[in-house]
Amino acid sequence: MTQKICKLVGILNVTPDSFSDGGEYNTYDKALKRAKKMIKEGAEIIDIGGEASGINSKDVSVLDEMERVLPVIEGLNGIDISVDTYKSVVAKMCLEKGVKIINDITALRGDPGMARMVAGYDCKIVLMYSKDDTPRTTFTRKIYNDIVNDIKKFFIERIRYAVRNGIKRDNIILDPGMGYFLSDDPVPSFEVINRLDEFKDLGCELFISPSRKSFLGGDIKGRAIKTLAASSICVYNGADYLRVHDIKEHKDVILTVSSLIKYRK
């Protein structure tokens, strides 16, 4: 049997306002049930988010975010967990409870205390590119000279910053962003997916989340098949972590693409 080459990360938004599934899992029982279903279907990591980043999403206090996230972490004891947060206080509490990965969509720009705090733990940190320097996306159209080179320059600066603040380079994971994090124009997202392997020379694992994103077009609920197509190219082009909503289908995608890669010349 072909060994999977990419880890499957299940999205668990415990928020009322996430763009795709806001309100569906924002109670403890619903969140726990959803997480356990994703694990059963093949997710290796559950990525828990207590604050949405969509255009119309609202700021969440540290206390509210912890009240949303921490009980679910405790209920999923023994399961590998990533927490989607840019706040050092929230991240610290999560790491104390055994969380393995902090997924910072601001790439350590959102909280000046995050880098030093993370450096004190043997955990992974995801640094995500975004055209905006806040934790909110916007409708802004970003024009790139060369999108991959522009994002690589951003990553080089962020990696240097992380290492300078004590984070081990081996613990850094890079996420080039998708959808409105790149632009309100869908073209940059497709170009990043097609050229994903070019980020490999930075020497870090790659994390990507095309799931139900705006660049796929159409109604959110109708993006499942489109997501599978985009995800397959992401895996083929070197993604190490694939963060998605629909686990069962993506497990088959990863296994199939792993076989294709095994036998390509």
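Only a predicted model underlies this, so the values are computations on that prediction, with no experimental measurement involved.
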_If only side-chain N and O atoms count, and only distance matters, is there a donor-acceptor pair under 3.5 Å linking Asn103 with Ser82?_
no
*Crowding at CG, Leu260 (>12 non-hydrogen neighbours, <6.0 Å)*: yes
*Heavy atoms only: give me the nearest Pro135-Ile105 pair and the separation to one decimal.*
O-CD1, 3.6 Å
_Would the distance check show the side chain of Lys7 and the main-chain N or O of Glu44 forming a donor-acceptor pair, the cut-off being under 3.5 Å?_
no
_Check: Ser232 side chain, Val253 main-chain N or O, donor-acceptor pair, under 3.5 Å_ = no
*asked:* Is there a path of hydrophobic side-chain contacts, each under 4.5 Å between heavy atoms, that joins Phe207 and Met128?
replied: no
*Taking 4.0 angstrom as the limit, do Lys124 and Glu205 come out as a salt bridge?*
yes
*Just how far is it from atom CG of Leu108 to atom OG of Ser88, taken to the nearest 0.5 Å?*
10.5 Å
*Looking just at side-chain N and O atoms, do Tyr121 and Glu96 make a donor-acceptor pair shorter than 3.5 Å?*
yes
*Do the side chains of Val257 and Val9 join up, straight or via other hydrophobic residues, at under 4.5 Å, putting them in one cluster?*
no
*asked:* For Lys100, is the NZ atom crowded, meaning more than 12 foreign heavy atoms sit under 6.0 Å from it?
replied: no
*Under 3.5 Å, is there a donor-acceptor pair linking the side chains of Lys33 and Tyr25?*
no
_For Val187, is there any backbone N or O sitting under 3.5 Å from a side-chain donor or acceptor partner on Asp185?_
yes
*asked:* Rounded at 0.5 Å granularity, tell me how far OG1 in Thr138 sits from CZ in Phe181.
replied: 10.0 Å
_Please evaluate residues Arg136 and Glu51 with respect to the criterion salt bridge (charged side-chain N to carboxylate O under 4.0 Å, His left out), reporting the C-alpha separation (whole Å), side-chain torsions for both, the decisive distance (0.1 Å), and the verdict._
CA-CA 10 Å; Arg136 297 285 173 275; Glu51 178 174 350; 2.6 Å; yes
*Answer yes or no: is there an ion pair linking Arg109 with Asp104, defined by an N-O contact shorter than 4.0 Å?*
no
*Just by distance, do the side chain of Ser189 and the backbone of Gly179 share a donor-acceptor pair under 3.5 Å?*
yes
*Tell me, do Met117 and Met114 make a side-chain contact under 4.5 Å, heavy atoms counted?*
yes
*Does a salt bridge link Lys142 with Asp150, judged by any charged N lying under 4.0 Å from a carboxylate O?*
no
*asked:* Let me check something: do Val90 and Leu70 share a hydrophobic cluster, defined by ILVMFWY side-chain heavy atoms less than 4.5 Å apart, either directly or through other members?
replied: yes
*asked:* Contact between Asp146 and Val148 at the side-chain level, heavy atoms closer than 4.5 Å - yes or no?
replied: yes
*asked:* With a sphere of 6.0 Å drawn around NZ of Lys251, does it hold more than 12 non-hydrogen atoms of other residues, nucleotides or ligands?
replied: no
*asked:* Tell me if the NZ atom of Lys200 is crowded by more than 12 foreign heavy atoms within 6.0 Å.
replied: yes
*So, Arg223 and Asp246, do they make that salt bridge, N to O below 4.0 Å?*
no
*asked:* For the backbone of Ile11 and the side chain of Asp47, can you confirm whether one donor and one acceptor N or O come within less than 3.5 Å of each other?
replied: no
*asked:* Can you tell me how far apart OH (Tyr86) and OG1 (Thr134) are? Round to the nearest 0.5 Å.
replied: 8.5 Å
_Point-to-point distance, once rounded to the nearest 0.5 Å, from SG of Cys234 to CG of Asp197_ = 11.5 Å
*Going only through I, L, V, M, F, W and Y residues with side-chain contacts under 4.5 Å, is there a path from Ile173 to Leu202?*
no
*Is there side-chain contact between Glu198 and Pro176, with heavy atoms separated by less than 4.5 Å?*
no
Would you be so kind as to tabulate the donor-acceptor pairs closer than 3.5 Å made by side chains of residues 71-81, with sequence neighbours excluded?
{"unit_1": "Glu74", "atom_1": "OE2", "unit_2": "Lys97", "atom_2": "NZ", "d": "2.7"}

*Roughly how far, to the nearest 0.5 Å, is CG of Asp175 from OH of Tyr241?*
12.0 Å
*asked:* Using a 6.0 Å distance limit plus a 45 degree cone around the ring axis, check whether Arg164 lies over the aromatic ring of Tyr161.
replied: no
*When rounded to the nearest 0.5 angstrom, what distance separates OG in Ser183 from NZ in Lys131?*
6.5 Å
*asked:* Taking Ser53's backbone N and O only, do any of them form a donor-acceptor pair with Thr137's side chain (distance below 3.5 Å, no angle check)?
replied: yes
